[in-house]
Structures are given as structure tokens and as C-alpha cells.
Amino acid sequence: MFVRFVFPGLFRYNGVIGAKISLRDRRMEDRMFVRRESLKQYVAWYPVTSLLIAVNVILVLLMEIAGSPNNSLTLLRFGAMFSVGEVEPEWWRYVTAIFLHAGWEHLLFNCFALYVFAAPLERMLGHVRYLAYYVLSGVIGNLVSNLLHFNDYIGVGASGAIYGVYAAYVFIALFRKDLLDESSRKIIKIIVIVGFVHSLVMFWRIDLWAHLGGFVGGFALMALIVLSIRARRR
């Protein structure tokens, strides 16, 4: 839910895939989106996802102290994306906006998605590759959003990156069906369809372009990852 706010005139002056992708297991455990780990196990098995969740929470807490995560000026000070007239956002906002959230509801929604759905992808891609994939999906989502917005807006949220995670599973479901059980494939299909329908219905407060950009970008990144692994194995 990459939240979008439109404020006209606010200004006058953000290892395991391949042909035989080097997966730790030949097939992921059935019902891979059911979290059975203890907190200690979760942090040990998914350290990057745990860190991402922690950073998201800490930043909302800091924004609460500095003002409010619902306040547009606070969001901008912490690195939110924006587009107002001829003013272009600094390059670093394409990254920082991924880790900011406009309030606790927004934060909890995205952290839940990270906790449940992102963790298995970390195991499949490996920690470093997964982190790069996540951040790049979010950046692509922000780039697409900025390119396709023709009105003034402020945008924050992890949704572009999270839709990149969904796209990775769609890619796997299409080209490596052996890595996903039937139940997980159905869950991904439902999540993606419901997510985009919700984005369309709630377009006035949800950034559809960031979702779409993160999804398409994530799908393309996943294809590049697979191709690079295949090339190294030849």
C-alpha cells in the first residue's frame, strides 16, 4: 500500500533460483507461506527480512517523535518521494521512501506482507541477492510512479518492493513450478489479483503506478537473475 498524498501547491520552491537454480532444497516446503518459526528462528533464518521490518518500525517511531508519520512535512524531512511542478526529487529519495510509512496502519500492513511472503524469497535468493532485489524493485516502483504522475504528490511505502516480491513468485510459478506447491501458487494468484483490484478501487490514496512498476520491475529482475545463474553454469 504505497500511500500517496496529493497536495496541490504544497511547494513553491522516496540463494535459490535458475535453470537449476542453486536452491538449498530441490523443492520448497509445502505451504511455504505458513510461518511456523519461533522469533529466534525467524531472525536466524531470515536476517535481511527481519532487518527490513525493524528499520520500517524504527523510522515510524522516529517520525512520531519528530512530528507525525501522517504529516507531509515530516515525511519529506525523512526522505519521502514527491513531485511538484518542475521540482524533481533528489536521487536518494527513490531509496529512502521505500522504508517510510504514513502511519501505523500502513506500516503494519506492509510489515505483515514482508513477514509472511518475503521471508521464503530470502532463502531462495540468498541474503545479499535478495536485499538487492528488494531495493531495486522498490526503486523501479518509485521511478515508474514519478514518471507517470501528472499531479503533485508525496509517496512513501514498501509496496513497490513488496509487489516485486510477489512478481518473483509469479515468475517461479510460471517457469519453475517444481519450487512452489499448489497451495502457495493459489495464494500468490489471489494476493496479486486482489492487490491490484484494491489499488484500482482505492486509487485516490494508493499509488497504483508504484505497485505496477515494482511488479513489472521485479519480474524483469527475476528473469535477469535466472539468466545470470544459467550463464555462470554453462
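All residue numbers refer to positions in the sequence shown, counting from 1. Treat the numbers as computed from the prediction; the structure is a model and nothing was measured.
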Answer whether the closest heavy-atom distance between the side chains of [X] and [Y] falls below 4.5 Å.
X    : Y    : result
F82  : V87  : yes
N110 : E105 : no
P120 : R35  : yes
S145 : Y153 : yes
F219 : L174 : yes
S137 : L221 : yes
E37  : V43  : no

Would you say the side chains of [X] and [Y] form a donor-acceptor pair under 3.5 Å?
X    : Y    : result
E122 : Y134 : no
Y94  : N146 : yes
T49  : Y42  : no

Closest heavy-atom contact between [X] and [Y]?
X    : Y    : answer
P69  : G103 : CB-N, 3.5 Å
V95  : V139 : CG2-CG2, 3.9 Å
G79  : T96  : O-OG1, 2.7 Å
S68  : T74  : O-CB, 3.3 Å
I225 : R129 : CG2-CD, 3.7 Å
G213 : I140 : O-CG2, 3.4 Å

Main-chain N/O of A173 paired with R185 side-chain donor or acceptor, under 3.5 Å =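 Between the backbone of A173 and the side chain of R185 there is no qualifying donor-acceptor contact (under 3.5 Å).
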
Backbone of L121 reached by a side-chain donor or acceptor of Y133 within 3.5 Å |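 Between the backbone of L121 and the side chain of Y133 there is no qualifying donor-acceptor contact (under 3.5 Å).
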
Please report the interatomic distance [atom1]([X]) to [atom2]([Y]), rounded to the nearest 0.5 Å.
X    : Y    : atom1 : atom2 : answer
F109 : I162 : CZ    : CD1   : 8.0 Å
I188 : I172 : CD1   : CD1   : 9.0 Å
K189 : I187 : NZ    : CD1   : 13.5 Å
L212 : Y163 : CG    : OH    : 10.0 Å
E88  : S83  : CD    : OG    : 6.0 Å
Y130 : L125 : OH    : CG    : 9.0 Å

Derivation and outcome, side chain to side chain contact (heavy atoms under 4.5 Å, CB included), residues Y166 and I191 | CA-CA 8 Å; Y166 296 155; I191 287 292; 3.4 Å; yes

List the steps, then state whether side chain to side chain contact (heavy atoms under 4.5 Å, CB included) holds for M222 with V165.
-> CA-CA 9 Å; M222 200 63 178; V165 171; over 6 Å; no

Please check if L108 and F112 belong to a single hydrophobic cluster, counting links between Ile, Leu, Val, Met, Phe, Trp and Tyr side chain heavy atoms closer than 4.5 Å.
->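 In one cluster with L108: F112, no.
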
If you group Ile, Leu, Val, Met, Phe, Trp and Tyr by side-chain heavy-atom gaps below 4.5 Å, do F215 and F175 land in one group?
->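 Yes, because F215 and F175 connect within a single hydrophobic cluster, where side-chain heavy atoms sit under 4.5 Å apart.
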
Just distance, no hydrogens or angles: give the donor-acceptor pairs under 3.5 Å from side chains in residues 51-66, sequence neighbours left out.
| from | atom 1 | to | atom 2 | distance (Å) |
| --- | --- | --- | --- | --- |
| N56 | ND2 | L52 | O | 3.3 |
| E64 | OE2 | W104 | NE1 | 2.8 |

